[in-house]
Number of protein chains: 2
Amino acid sequence: MTVWDRPEPPTRPAPLDRERIVAAAISLADEGGLEAVSLRKVAARLDVGPMRLYGYISTKEELFDLMVDEVYAEILPEERPGDWREALHILAHRTRQATRRHEWLADLLGGRPALGPNALAVTETTLAAFDGLADLETVARAVETVSAYFTGAIRREIANLRAERATGLSDRDWQRASGPHVTRMLATGRFPALAKFVHDGTEVDADVSFATGLDWVLDAVAAKLARPSA
Amino acid sequence: MTVWDRPEPPTRPAPLDRERIVAAAISLADEGGLEAVSLRKVAARLDVGPMRLYGYISTKEELFDLMVDEVYAEILPEERPGDWREALHILAHRTRQATRRHEWLADLLGGRPALGPNALAVTETTLAAFDGLADLETVARAVETVSAYFTGAIRREIANLRAERATGLSDRDWQRASGPHVTRMLATGRFPALAKFVHDGTEVDADVSFATGLDWVLDAVAAKLARPSA
DNA sequence: TCTCGGCAAAATACAGTGTATCGACATGAG
DNA sequence: CTCATGTCGATACACTGTATTTTGCCGAGA
């Protein structure tokens with residue numbers, strides 16, 4: 001018995017329903033991050049006592065699951081992608097865009113299996129793009145590998161973005177941005193490769209680094225699909 | 001000014017120090033997960049009032065950062081890897097093993113930039129393995145892409161593991177394990193590809209699926225290192 | 001030796017959290 | 001008109017991270 005099994009409460013549910021609860025929670029999270037979402041605040045925003053929510057949701061984690069699935073509705077592409085590569089490409093970019101709109105998604109991505117109806121629809125569309133192209137085992141590996149990549153990449157990107165924001169400095173000025181600690185560490189000479197990196201590295205655009213890494217991984221998948229044994 | 005800049009308190013620090021605090025927090029987390037770590041419980045385990053901790057740590061998030069860096073000490077390989085591929089391979093597998101020992105690491109991985117001394121040492125070793133092999137830009141892309149992959153893969157693996165544990169069923173019995181919801185969804189016929197997948201798919205070993213995905217990504221990186229423009 | 005000042009540590013305090021429980025009220029049935 | 005049901009609100013509890021106040025010790029000066 002998970003969230004998804006719970007039926008909408010029977011009839012006269014007042015002006016309150018799950019959709020409204022989830023929407024309130026999402027707007028709260030959009031404004032103040034995940035930690036700004038408390039059942040009391042969600043309830044307050046709906047002019048309702050905190051306990052009312054438990055008629056629609058049985059735990060805060062469930063609310064998070066519902067929020068995530070709501071965002072998967074934004075991720076689902078509106079038109080069926082042409083081939084598997086386009087499908088994964090679009091999925092990755094739409095997930096990233098959604099995370100841009102809902103930064104808190106980065107904190108939840110990959111944290112639990114996504115089994116809501118919208119997430120399932122996304123998975124369906126993705127798998128459908130592989131129809132007849134390879135054995136299920138290979139398809140699974142392909143989808144999971146690409147998903148793991150963009151999930152991890154998005155999380156790191158948001159983590160860096162927040163760090164920059166907290167220090168007010170750019171990612172390129174890594175040393176200063178991270179406080180004297182890193183600078184001092186580098187000065188010890190114990191990290192020559194890292195030091196050279198920080199010193200000579202050029203500022204990289206997050207968009208292109210995400211897209212480039214994605215292309216690499218997609219190339220890898222393409223190679224495996226072409227020669228399944230390799 | 002970050003955690004790493006804070007000096008150990010001057011001299012007579014009682015039998016208490018950061019190491020002991022972090023160790024207590026880690027053992028608490030190992031036993032009961034991240035949510036079992038509260039400053040009060042950590043303090044209690046050290047026979048100390050909760051406020052004592054604030055002489056060594058200024059926020060709970062800092063404690064988490066310290067815990068993560070402590071685990072990076074386990075991740076750091078004891079001998080210098082032969083080439084870049086071995087370096088990334090080892091890094092990925094050691095990170096996964098560490099997460100197996102400290103499951104809570106999955107919740108923190110990629111959530112914040114890892115800038116502790118041990119994390120820096122790990123980065124140093126990894127970068128050093130690329131010395132002279134390619135321009136910095138390419139090296140960055142290589143390391144970040146592989147890291148994104150294994151970070152995401154480890155998180156998903158732990159997420160699935162927990163879901164299995166919660167339902168007591170195997171990942172292969174996805175439908176039942178996820179409660180009637182998924183089963184019912186699949187029965188609607190709206191997800192034919194997914195249904196076929198769940199129905200025909202074979203149980204996959206987490207070890208091999210992690211290793212296989214990793215090899216794919218490493219192959220991709222190798223291809224790019226060989227032909228930098230491609 | 002006694003007293004006082006400073007300071008580390010402990011106790012208390014506060015605002016908030018998720019959630020359980022209980023009491024009132026309103027609404028429908030007989 | 002009465003009574004039962006069941007929904008909703010208020011209250012309560014155990015806990016959180018952290019700020020503030022109180023305590024008590026220990027060394028310096030008289």
Side-chain angles (χ1 to χ4, degrees), chain A residues 1-3 6-22 24-29 31-68 104 107-108 111-112 166, chain B residues 1-3 6-18 20-22 24-29 31-68 104 107-108 111-112 162 166:
Chain A
M1 176 67 86
T2 72
V3 215
R6 183 175 319 281
E8 296 275 338
T11 38
R12 215 86 33 87
L16 189 62
D17 60 359
R18 271 219 286 223
E19 279 202 28
R20 271 169 41 82
I21 293 174
V22 172
I26 286 180
S27 78
L28 230 22
E31 294 162 20
L34 250 205
E35 94 238 317
V37 177
S38 86
L39 296 184
R40 288 167 146 95
K41 283 190 238 169
V42 171
R45 201 163 267 225
L46 298 167
D47 272 312
V48 141
M51 288 304 121
R52 282 286 299 282
L53 303 186
Y54 284 91
Y56 305 83
I57 274 162
S58 78
T59 202
K60 198 191 184 184
E61 289 244 295
E62 284 195 0
L63 177 56
F64 284 163
D65 287 348
L66 291 167
M67 290 167 67
V68 169
W104 48 269
D107 302 311
L108 264 19
R112 299 165 137 262
Chain B
M1 175 69 83
T2 72
V3 215
R6 184 176 318 282
E8 295 274 341
T11 37
R12 215 87 35 88
L16 189 62
D17 60 359
R18 272 220 284 225
R20 271 171 37 84
I21 293 175
V22 172
I26 287 180
S27 77
L28 230 22
E31 294 162 20
L34 249 205
E35 94 238 319
V37 177
S38 86
L39 296 184
R40 287 168 146 97
K41 284 190 234 164
V42 171
R45 200 162 268 225
L46 298 167
D47 273 310
V48 141
M51 288 303 121
R52 282 287 300 281
L53 303 187
Y54 283 92
Y56 305 82
I57 273 162
S58 79
T59 202
K60 196 189 184 186
E61 288 244 297
E62 284 194 1
L63 177 56
F64 285 163
D65 287 347
L66 292 166
M67 290 167 67
V68 169
W104 48 269
D107 302 311
L108 264 18
R112 301 165 136 260
R162 286 173 178 160

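Quick note: numbers below take in every heavy atom, side chains included, and nothing from hydrogens, waters or symmetry partners.
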Inset, instruction - For A:V37 and A:F64, work out which heavy atoms get closest and say how close. - result: CG1-CE2, 4.2 Å
Inset, instruction - Before accepting this row, confirm whether a basic side-chain N of the pair B:D107/B:R162 lies closer than 4.0 Å to the acidic partner's carboxylate O. - result: yes
Inset, instruction - Mind calculating the distance between CG (B:D47) and P (C:dA10) to the nearest angstrom? - result: 10 Å
Inset, instruction - Using a strict cut-off of less than 4.0 Å between a Lys/Arg side-chain nitrogen and an Asp/Glu carboxylate oxygen, indicate whether B:K41 and B:E31 qualify as a salt bridge. - result: no
Legend entry - Nearest-angstrom distance from the residue atom CG of A:L53 to C1' of C:dG18: 11 Å
Inset, instruction - Using a cut-off of strictly less than 4.0 Å, decide whether B:R52 has a side-chain nitrogen or oxygen near OP1 or OP2 of C:dA10. - result: yes
Legend entry - Rounded distance in Å - CG (B:L46) to C1' (C:dA9): 15 Å
Legend entry - Member of A:V42, A:L63, A:D65 meeting the side-chain contact (heavy atoms from CB on, under 4.5 Å) criterion with A:I57: A:L63
Inset, instruction - First locate atom CD1 of A:I21, then atom CG of A:L46, and finally report the distance between them rounded to the nearest 0.5 Å. - result: 6.5 Å
Legend entry - d(CE, B:M51; P, D:dA19) in whole Å: 8 Å
Below 3.5 Å is the cut-off: list the nitrogen or oxygen pairs between protein and nucleotides 13-17 of chain D, distance only.
from   : atom 1 : to    : atom 2 : distance (Å)
D:dT16 : OP1    : B:S38 : OG     : 3.0
D:dG17 : OP1    : B:L39 : N      : 3.2
D:dG17 : OP1    : B:K60 : NZ     : 2.9
D:dG17 : OP2    : B:L39 : N      : 3.0
D:dG17 : N7     : B:R40 : NH1    : 2.3
D:dG17 : O6     : B:R40 : NH1    : 3.3
D:dG17 : O6     : B:R40 : NH2    : 3.1

Legend entry - Interatomic distance, A:I57 CD1 vs C:dT19 C1' [rounded to whole Å]: 13 Å
Legend entry - Beyond-backbone contact of B:E35 with B:W104, side-chain heavy atoms, under 4.5 angstrom: no
